[in-house]
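Within every chain, numbering begins at 1; the chains are lettered A, B, ... in the order of the sequence lines, protein sequences first and strands thereafter.
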Amino acid sequence: MVWNRKIAYVDLSTKKVVQKDIPKTMRQLYLGGRGIDMYLLYNHVKPKIDPLSPENVLFIGVGLVGGIPCLGASRCDIAAKSPLTGAVGDSNVGGFFGPELRFAGFDHLVITGKSKKPAYIWVQDGEIEVKDATHLWGKDTMEAQTAIRHDLGDEDVKSLVIGAAGENMVRFANVRTGLKNSAGRTGMGCVMGSKNLKAVAARGTMDLEFAKPERLLDYCKEMNDMIIGTRWAKTQSRWGTMIIFSNTNTTGLIRTKNFQLNRLEDGQDLEPENIDRYSIGTSGCYGCIVHCRHRYVLEEGPYAPIFAEGPEYTSLGAFGTMVNCKKMETVLVANHLVNKYGIDTLETGGLIAWAMELYEKGIINDKMTGGLKLDWGNEEAVFELIRQIATREGFGNVLANGFRDAIAKIGNNSGYYAIQVKGMSNLHSDERPTPSFALGIATSTRGSDHLRSRPAVDMYGLPEEVLQELYEGPVSSDYTSYDGKSRMVWWQELLYAVTDSIGTCKFQTVFCAVHAPKWNEFSKLIQYATGMKFSKTQLMQIGERIYTLERMFNLREGFTRKDDSLPERYFKEPTPVGFPIAKGKTIDREKFEAMLDEYYALHGWNKNGVPTKKTLAELGLNKEPTHMI
Amino acid sequence: MQKILFIDPEKCTGCRICETVCSLHHEKVCNPARARVHIAKWETSGLYIPVVCLHCETPICEEVCPVRAIKRDEKTGAVVIDYDLCVGCRLCVLYCPFAGAGIDIVTGKISKCDLCDGDPVCVRFCDPRALQYVKSSRANMMKMRKAAEKFSELMQKLLIP
Amino acid sequence: MTVHVKVLLHAMFKEIAGQREILQEANANSTLRDMLDVLAKKYGKEFDSIINPKTGQVTLDTLVIVNGKSIRNPDVQLQDNDVVMITVPVSGG
Ligand code: SF4
Ligand code: SF4
């Protein structure tokens, strides 16, 4: 049963490990995964600490239904105070580690202190040990995983690891598992590096028992059929998220040359089917029938041979459109490099594209870049800068602390060109024609981010009756409109908070397909798995509780309404190209602020984005921190 | 016509759903370590191979079993264990060249694929069709052979430096 | 009089048709529905399920975009030089 899955407190300074049960009330209030991680974050991280100090705490959590055979129930949530933004640090990763941790007997790890020497945590069937990792330090993310398996003499060990970037405390270093999966955002790998923690390895053979195993099995099949029946899943199964490129690049919804254009001319080589030249098949996360990534091989070129997985749409943007590189191969190499070093692909691409624009504008020059010619489309410069960032060498070190620090170092109005919110890079989508997307990245609790709320269904011009039924309120079916879009963002924030807490894949809920599993289906899955019953209203309230607690964390760290904004350029520079619907668009400042007001009200927060007393009471948050676990 | 379990490793995406549903169906728990099908993974070279009892034409397990506890179920074509007769000597586990028979870590009993009474759950869940349960016709045998050949090529390319 | 419409195909539609772009000729007063019917006859598979037979509208898991705007009701008249994109709703990162 999930009830005998434990929480363990691992103190890296003393190497002491304490195991505890997770009280049922925690499950009722926060489910698991991101929900419980956020509770722990608010309770265990003292206000205003330095995120790189031993006082920061790293949380690893598996979702409430993690390990079941549907909806990609593989997700694992990693949290800490973010060294990149100073706000909520939280990143979600698929692959195989999450379920393995569960089979090893644990749902949550709370990692405190700092090890004197490189260390790794080894979790196996109810036991936890802190082991020496001196021999692993310096290994890249793939080598490290192989070495750990070797060490422990078990091919089935799954681990979360950091690479050079994490070791060097690059502020957007990620945590990696397998060939492709990354807890990419907010610099969780940097926090691991600051604790001298190279890896967390798990192997488990413990039964995961359920309230209604037969019903669960049948229902999982039903869920999988529901997913694979959609055109979306068929498409994503075949081409992965890269397929988005075809739509956005045609329409003009994709950032090119940092923020100068919203379409890549002559970008045919980046069309998703070109992956077929390199692919040997697709690959899925645990419990997932969508398998949205390719296993690819590069047999030629300076970095060959490369065997890797991916790339995501994000990498296609980061090392394609954003830096004006028009070759699939460039993307495939860069994707491999960032994964090997363990740095976030999105942040890295965002920073490099920004540096290229500064270079073009003469704000930085060869002297500052150490001779790197940061010209648009210079793939060699991109590869080299990736390496420099990860190793903190040369100009890479100027970027390695993220946008805020780099803007301070470079000065000279460079901040105007930086496409970031709360210190974190925007995805390469261009949100100027899409107010709902724009609001979502502005309000996201972990800094600019599409995965906190992206209401992708806004793009599809669905009939207003369909939207009304889904969002239970009026929403315009025109994606360039501001009407009802605050509702969309709010609703998706709650849904995704719950999805991250039960541990299923965000794509396999209302992300791309309206008729995908959501509240009622989640409720049934939870019931068959755990016996707990939640109504739709209760699940939505849990989502609200989690999101509001994240908000409270950020408020406590000094964030205000002012931080829920967009880069100036969104308001000032109209989109230059694209279909008529996407061309000539800016975000209207007044309408944006009005949307923000509505959005706060939907959450039950006041005009300053502060949760009202009434809201706190309703959500049972008025006494936090309560230190229940 | 009897049906056979047809494995096409090239199609496998490594999702481990087959392992999970196998344990959920047979043991009523999720625990890949107790499944009768396993995905052997070479993650760094991208090879995923479903390993499961092949229900051989001339089963070695049947031959080595000293108490004749292993028989073919004529209805499903499965090579199954009669637990009333099985003494747990583990000879079948030792002798099977395909890791088709194993020992359950909880019950200590021999555990092997029984084709779920003719409707294998893993096959039902394997959407990429890496696992199929098909008529043992000539055409299907040819297909199986092709898949094996293609796969062996792939393996050589990736595993031999 | 005839109109010329540029049809952009993505995802499985591109794969089935074997090309990403086709130039479609139509009568001056024909609608999007007429054109989709022609494509369905020509390519069959997948193209024949763009319209939901029950509602007569574009199915919710298909996107038919005319000059950048998603169309649900295909009874719109085609104009010369229209760009029609047929694709699948996908998003994420
Ligand atoms: S269910 Fe199919 S695709 Fe998934 S691991 Fe098993 S054989 Fe491979
Ligand atoms: S257990 Fe091994 S030897 Fe026996 S039928 Fe299965 S694959 Fe053949």
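Proximity of A:His291 to B:Pro128: side-chain heavy atoms (C-beta onward) are separated by under 4.5 Å at one or more points. Between B:Leu24 and A:Leu217 the shortest side-chain heavy-atom distance falls below 4.5 Å.
Heavy-atom distances place the side chain of A:Ile228, and not its backbone, under 4.5 Å from chain B. For A:Lys212, no part lies near chain B; criterion is any non-hydrogen pair under 4.5 Å. Residue contact with chain B, scored on non-hydrogen atoms closer than 4.5 Å, involves the side chain of A:Glu100 exclusively. Both the backbone and the side chain of A:Tyr286 come within contact range of chain B, with heavy atoms under 4.5 Å apart. Heavy-atom distances place no part of B:Cys18 under 4.5 Å from chain A, backbone and side chain included. If you measure heavy-atom distances from A:Cys220 to chain B, the contacts under 4.5 Å come from both the backbone and the side chain. Residue A:Arg149 touches chain B through its side chain alone, counting heavy-atom pairs closer than 4.5 Å. Interface remark: A:Thr146 contributes side-chain atoms only to the contact with chain B (heavy atom separation under 4.5 Å).
Within residues 119-127 of chain B, the residues having any heavy atom under 4.5 Å from a heavy atom of chain A are, by residue number, B:Val121, B:Arg124, B:Phe125, B:Asp127.
Between A:Arg295 and B:Glu43 there is no salt bridge, since no side-chain nitrogen of the basic residue lies less than 4.0 Å from a carboxylate oxygen of the acidic one.
Counting heavy-atom pairs under 4.5 Å between each of A:Pro213, A:Cys285, A:Pro305, A:Ala308 and chain B puts A:Pro213 at the top. Ranked by non-hydrogen atom pairs under 4.5 Å with chain A, the options B:Glu27, B:His25, B:Lys28, B:Lys11 are led by B:Lys28. Listed options A:Ser237, A:Pro99, A:Gly204, A:Cys288 were ranked by heavy-atom pairs under 4.5 angstrom with chain B; first place goes to A:Cys288. Ranked by non-hydrogen atom pairs under 4.5 Å with chain B, the options A:Gly67, A:Pro69, A:Gly281 are led by A:Pro69.
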Audit row: A:Phe96, B:Lys41, side chain to side chain contact (heavy atoms under 4.5 Å, CB included) steps and yes/no
CA-CA 12 Å; A:Phe96 297 84; B:Lys41 274 198 186 186; 2.9 Å; yes
Passes side chain to side chain contact (heavy atoms under 4.5 Å, CB included), B:Cys30 versus A:Phe210? Steps please.
CA-CA 8 Å; B:Cys30 274; A:Phe210 302 107; 3.5 Å; yes
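Taken from CD1 in B:Ile105 to CG in A:Asp207, the straight-line distance is 7.0 Å, to the nearest 0.5 Å. Rounded to the nearest 0.5 angstrom, B:Ile17 CD1 and A:Asn224 CG are separated by 5.0 Å. To the nearest 0.5 Å, atoms CG (B:Asn31) and OG1 (A:Thr205) are separated by 6.0 Å.
Summarising the local packing, CZ of B:Arg90 is surrounded by 12 or fewer heavy atoms from other residues, nucleotides or ligands at distances under 6.0 Å. Atom CG of B:Asp117 has 12 or fewer heavy atoms from other residues, nucleotides or ligands within 6.0 Å. When the shell of 6.0 Å around NZ of A:Lys506 is examined, it contains more than 12 heavy atoms from other residues, nucleotides or ligands.
The shortest non-hydrogen separation linking A:Ile68 to B:Thr20 is C-CG2, 4.5 Å.
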